[in-house]
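Have a look at the structure below before the remarks.
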Amino acid sequence: MSHDLLSVGDLGADGIDEVLQLTDSFVEVSERAIPKVPALRGKTVAWLFYEDSTRTRLSFETAARRLSADVMNFSVASSSVKKGESLRDTVQTIEAMGVDAIVVRHRSAGAPWQVAKWADASVVNAGDGWHEHPTQALLDCYTIRQHLGSCEGRHVAIVGDVKHSRVARSDVLAFTAMGAEVTIVGPPTLLPPSLEGWPVAVSHDLDSVLPKVDIVYLLRMQRERMASGLIPSLREYTARYGLTRRRVDRLGEDALVMHPGPMNRGVEIAADVADLPRSVIVDQVRNGVAVRMAVLYLLLGAGSDKVLTGVEGAS
Ligand code: ASP
């Protein structure tokens with residue numbers, strides 16, 4: 001990790017591993033009666049969310065508070081953005097008040113890189129359009145490690161609307177960096193038009209893939225980013241690609257079911273499948289707080305100098 005966390009690809013295997021190891025300590029902190037440490041006392045973290053979020057925003061906020069940072073809440077819906085203020089002016093305004101980190105979510109791919117050019121504060125990408133969601137990938141790697149020991153040699157099927165999914169892009173980068181094999185599964189219309197450079201196998205047949213995988217990672221149908229007509233109907237999608245009880249029976253005994261949330265129960269995942277013991281979706285959310293504590297600590301905390309010098313791919 002350098003000064004910012006924009007793409008999970010910048011971390012490399014060593015950088016990801018360093019975050020995961022530090023996350024162990026923050027999981028321990030989160031389990032204490034008073035889950036709070038003074039690590040970032042005196043630092044201020046601001047949110048700049050131009051897109052809706054439940055988990056990511058609450059998770060970053062909880063992470064910052066558990067590290068004793070001050071938080072600056074900025075709601076685009078009730079701010080001067082509504083009066084036409086540009087992203088650049090908004091960033092400069094926030095910076096002028098004195099912040100150490102800005103956590104950005106934006107509908108346009110690349111927006112966090114732009115913010116990083118304008119800001120002196122560390123910038124964390126909390127999701128940019130269809131492009132990347134690096135902390136989701138980190139918490140997914142952590143959850144796999146927690147349940148299966150490591151990502152190395154594991155086979156992950158990422159199923160569904162890969163085309164519009166920033167989670168899929170970051171997960172492919174992180175899982176393969178950590179030595180996992182990835183197969184993306186979905187109808188051709190929901191896969192990216194070109195998979196050149198993607199280190200993945202592709203399948204359109206979920207039933208044949210399920211017996212071979214250690215993790216089935218389901219994606220939401222991202223209708224807010226979709227032109228109409230990409231699938232004949234949701235019912236047809238569910239029939240071919242939904243994870244039903246019958247399909248779960250094709251999985252190996254220890255195989256995990258994951259989902260980044262928000263879930264559409266009954267579409268990509270059957271309601272009862274989401275609650276099976278092998279579904280680790282709640283663990284993903286829980287681990288998200290500790291992973292984000294690790295990220296904020298590495299960017300802003302006392303340990304950042306050590307980390308900044310030791311990580312491949314830092315720029
Ligand atoms: N919460 C994830 C994201 O922000 C996944 C989703 O919205 O489907 O990309």
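Counting convention: from 1, in listed order, for ligands and their atoms alike. Since this is a predicted model, take the numbers as computed values, not measurements.
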Side chain to side chain contact (heavy atoms under 4.5 Å, CB included) for Arg220 and His259? Distances and angles first, verdict last.
CA-CA 8 Å; Arg220 182 176 64 90; His259 193 301; 4.2 Å; yes
With respect to Leu5, which candidate in Val19, Leu296, Val103, Leu138 satisfies the side-chain contact (heavy atoms from CB on, under 4.5 Å) definition?
Leu138
Between Leu219, Leu206, Leu218, which is the residue that forms a side-chain contact (heavy atoms from CB on, under 4.5 Å) with Tyr241?
Leu206
Among protein heavy atoms, which lies nearest [atom], and at what distance?
| atom | result |
| --- | --- |
| atom 5 (C) of ligand 1 | Gly261 O, 3.3 Å |
| atom 8 (O) of ligand 1 | Arg220 NE, 2.7 Å |
| atom 4 (O) of ligand 1 | Arg166 NH2, 2.9 Å |

Quick check: is Leu190 connected to Met263 through a chain of hydrophobic side chains (ILVMFWY, heavy atoms under 4.5 Å apart)?
yes
Measure His133 to ligand 1 on non-hydrogen atoms and call it side chain, backbone, both or neither using the 4.0 Å cut-off.
side chain
Number the atoms of ligand 1 from 1 as they appear, then name those within less than 4.0 Å of a heavy atom of Val167, with their elements.
2 (C), 5 (C), 9 (O)
Quick check against the 3.5 Å criterion: does Asn125 have a side-chain atom that pairs as donor or acceptor with the backbone of Leu6?
yes
Is it true that Arg105 lies under 4.0 Å from ligand 1, counting heavy atoms only?
yes
Using 30° and 60° as the class limits, which term best fits the ring planes of Trp47 and Phe60: parallel, tilted or perpendicular?
tilted
May I ask you to check whether Pro262 has an N/O atom sitting below 3.5 Å from an N/O atom of ligand 1?
no
